[in-house]
Peer 1: 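Here you go, one structure.
FYI, the numbering just counts along the sequence from 1. The shown structure was predicted, so the numbers you read here are calculated from the model rather than taken from an experiment. Each ligand, and each atom within it, is numbered from 1 in the order the structure gives.
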Amino acid sequence: MSESVKVFASVMCANWCNLEGDIRELESAGIDGLHFDIMDGHFVPNLTMGFDIVRSLRQITQLPFDVHLMVEEPERYIDRFVQIGIQFISVHFESTPHVHRAIRQVKDAGVSAIVALNPATPPCVIDYLLEDADGVLVMTVNPGFSGQVAVSAAVRKIADVKERIEQLGSNAFIQVDGNVSFELAPIMIRNGARILVGGSSSVFVKGMSISESVRELRHVIMSAVRGVRV
Ligand code: DX5
Ligand code: ZN
C-alpha cells in the first residue's frame, strides 16, 4: 500500500551546482514528483527560483511538477507556470483575498489545484474551497526556509484537516511540507498525509546519498501505512 503515499522532492534543497545529476538520482530512486518552492521576498522573507529554472528543468524530465506559490498576488503568475507544463499548483490561503478565484484559475487551466495553509491557519478555511480544490497543503513549518523544526500544532492539524475533508464528503488529498523527517513522516501519514514533500529532512540529508535517503523514507512510509486505512 506504499504507493498510496507519494513523495515529492523539494528542488530548493537539491545541489544547485548539479541539478541535473540530482534529478537523475531522484528518478532512479523512484521519486514521485518534483516540488518547486517559488518565493517573492514579500509573502515570505526569502527568494528562490522563477519561471526560467522551472522551464529549463521541464525539458529534462517527465516527472510530475508541483509548484508551491509563496508569493503575493499569485493570480499574476499562475498562467505562466501552467504554460510550462505543471501538474500541481498550490496557492496559499493567506496570499490573496480572492483565494477561490485563484484556485479556479488553476483548475480551469486543467492543473490540480491545492490550497496551502500556514501553520497558524485553522482548518475551517477550506470549507468553501473543497468543491474546487483537489488537495490541501498543510505547512508544518512557517514557509520560506528549509531546515526548520516542525510546528507540532501543525502536525496535529493534519488530522483535523483530514476530519474536516471527510465530514464534507470530499476526496481532496492532503500534502504535507516542512520538516518531513524519518521520525515525523509516520505520524504525518497516520494523521492523513498522502503526499509528502521531502527536503533537507528526508531526501537531501547530509551524509546520505539521495538513493539511500529515499530508500529509508520509503521504509518508514511502508511501516506507517501498515494498518492504516488509505
Ligand atoms: C519551506 C519549503 C519546503 C521545505 C522542505 O518553505 O516549502 O519545501 O524546504 O524542506 P525541509 O525538510 O528542509 O523542511
Ligand atoms: Zn514547499
Peer 1: Which atom name does His68 have for its N/O/S atom nearest to the Zn ion (ligand 2)?
Peer 2: ND1
Peer 1: Would you call Lys157-Asp160 a salt bridge at under 4.0 Å N-O?
Peer 2: no
Peer 1: Could an N or O of ligand 1 be found under 3.5 Å from any N or O of Ser200, whether backbone or side chain?
Peer 2: yes
Peer 1: Using a 4.0 Å cutoff against the non-hydrogen atoms of Ser10, which atoms of ligand 1 qualify?
Peer 2: 8 (O)
Peer 1: Flag yes if Val205 and Leu217 sit in one hydrophobic cluster, no otherwise; membership is Ile, Leu, Val, Met, Phe, Trp, Tyr, and two members link when side-chain heavy atoms are under 4.5 Å apart.
Peer 2: yes
Peer 1: Evaluate Ser202 for polar contact with ligand 1, using N/O atom pairs at a separation under 3.5 Å.
Peer 2: no
Peer 1: Start with the C-alpha distance between Leu57 and Leu34, add both sets of side-chain angles, then the distance that settles side chain to side chain contact (heavy atoms under 4.5 Å, CB included), and finish with yes or no.
Peer 2: CA-CA 10 Å; Leu57 296 180; Leu34 297 182; 5.6 Å; no
Peer 1: Evaluate Val141 for polar contact with ligand 1, using N/O atom pairs at a separation under 3.5 Å.
Peer 2: no
Peer 1: Under 3.5 Å, side chain of Asn179 to main-chain N/O of Ala150, donor-acceptor pair present?
Peer 2: yes
Peer 1: Looking at atom 6 (O) of ligand 1, what's its closest protein heavy atom, distance included?
Peer 2: Gly144 N, 2.8 Å
Peer 1: Around atom 12 (O) of ligand 1, find the nearest protein heavy atom and jot down its residue, atom name and distance.
Peer 2: Ser201 OG, 2.7 Å
Peer 1: In terms of residue, atom name and distance, what is the protein heavy atom nearest to atom 14 (O) of ligand 1?
Peer 2: Asn179 N, 2.8 Å
Peer 1: For atom 4 (C) of ligand 1, what's the nearest protein heavy atom and its distance?
Peer 2: Asp177 OD1, 3.7 Å
Peer 1: By atom name, which N, O or S atom belonging to Asp37 lies closest to the Zn ion (ligand 2)?
Peer 2: OD1
Peer 1: Begin with the C-alpha distance, continue with both residues' side-chain angles, and end with the deciding distance and a verdict on side chain to side chain contact (heavy atoms under 4.5 Å, CB included) for Thr140 and Ile158.
Peer 2: CA-CA 9 Å; Thr140 39; Ile158 301 166; 4.2 Å; yes
Peer 1: Using the Zn ion (ligand 2) as the apex, give the angle to atoms OD2 (Asp177) and NE2 (His35), rounded to 10 degrees.
Peer 2: 100°
Peer 1: Parallel, tilted or perpendicular, judged at 30° and 60°: which one describes the rings of His92 and His68?
Peer 2: parallel
Peer 1: What is the closest protein heavy atom to atom 10 (O) of ligand 1, and at what distance does it sit?
Peer 2: Gly199 CA, 3.3 Å
Peer 1: With a heavy-atom distance limit of 4.0 Å, tell me whether Ser146 approaches ligand 1 through its side chain, its backbone, both, or neither.
Peer 2: both
Peer 1: Please report which non-hydrogen protein atom sits nearest to atom 1 (C) of ligand 1, along with the residue it belongs to and the distance in Å to one decimal place.
Peer 2: Phe145 O, 3.5 Å
Peer 1: Is Phe36 close to Phe81 at the side-chain level, that is, under 4.5 Å between some pair of heavy atoms?
Peer 2: no
Peer 1: Taking 4.0 angstrom as the limit and counting only heavy atoms of His35, give me the atoms of ligand 1 inside it, by number and element.
Peer 2: 8 (O)
Peer 1: Do any nitrogen or oxygen atoms of Asp37 lie less than 3.5 angstrom from nitrogen or oxygen atoms of ligand 1?
Peer 2: yes
Peer 1: If we only count N/O pairs under 3.5 Å, is Met139 in contact with ligand 1?
Peer 2: no
Peer 1: Identify, by atom number and element, the atoms of ligand 1 in contact range of Gly178, meaning under 4.0 Å from any of its heavy atoms.
Peer 2: 14 (O)
Peer 1: Establish, from distance only, whether the side-chain atoms of Ser211 and Glu25 form a donor-acceptor pair under 3.5 Å.
Peer 2: yes
Peer 1: Applying salt bridge (charged side-chain N to carboxylate O under 4.0 Å, His left out), can you list everything that pairs with Glu20, at least two apart in sequence or on another chain?
Peer 2: Arg24
Peer 1: Hey, is CZ on Phe51 packed in by over 12 heavy atoms from elsewhere, all under 6.0 Å?
Peer 2: yes
Peer 1: Side chains of Ser90 and Gln175: is there a donor and an acceptor less than 3.5 Å apart?
Peer 2: no
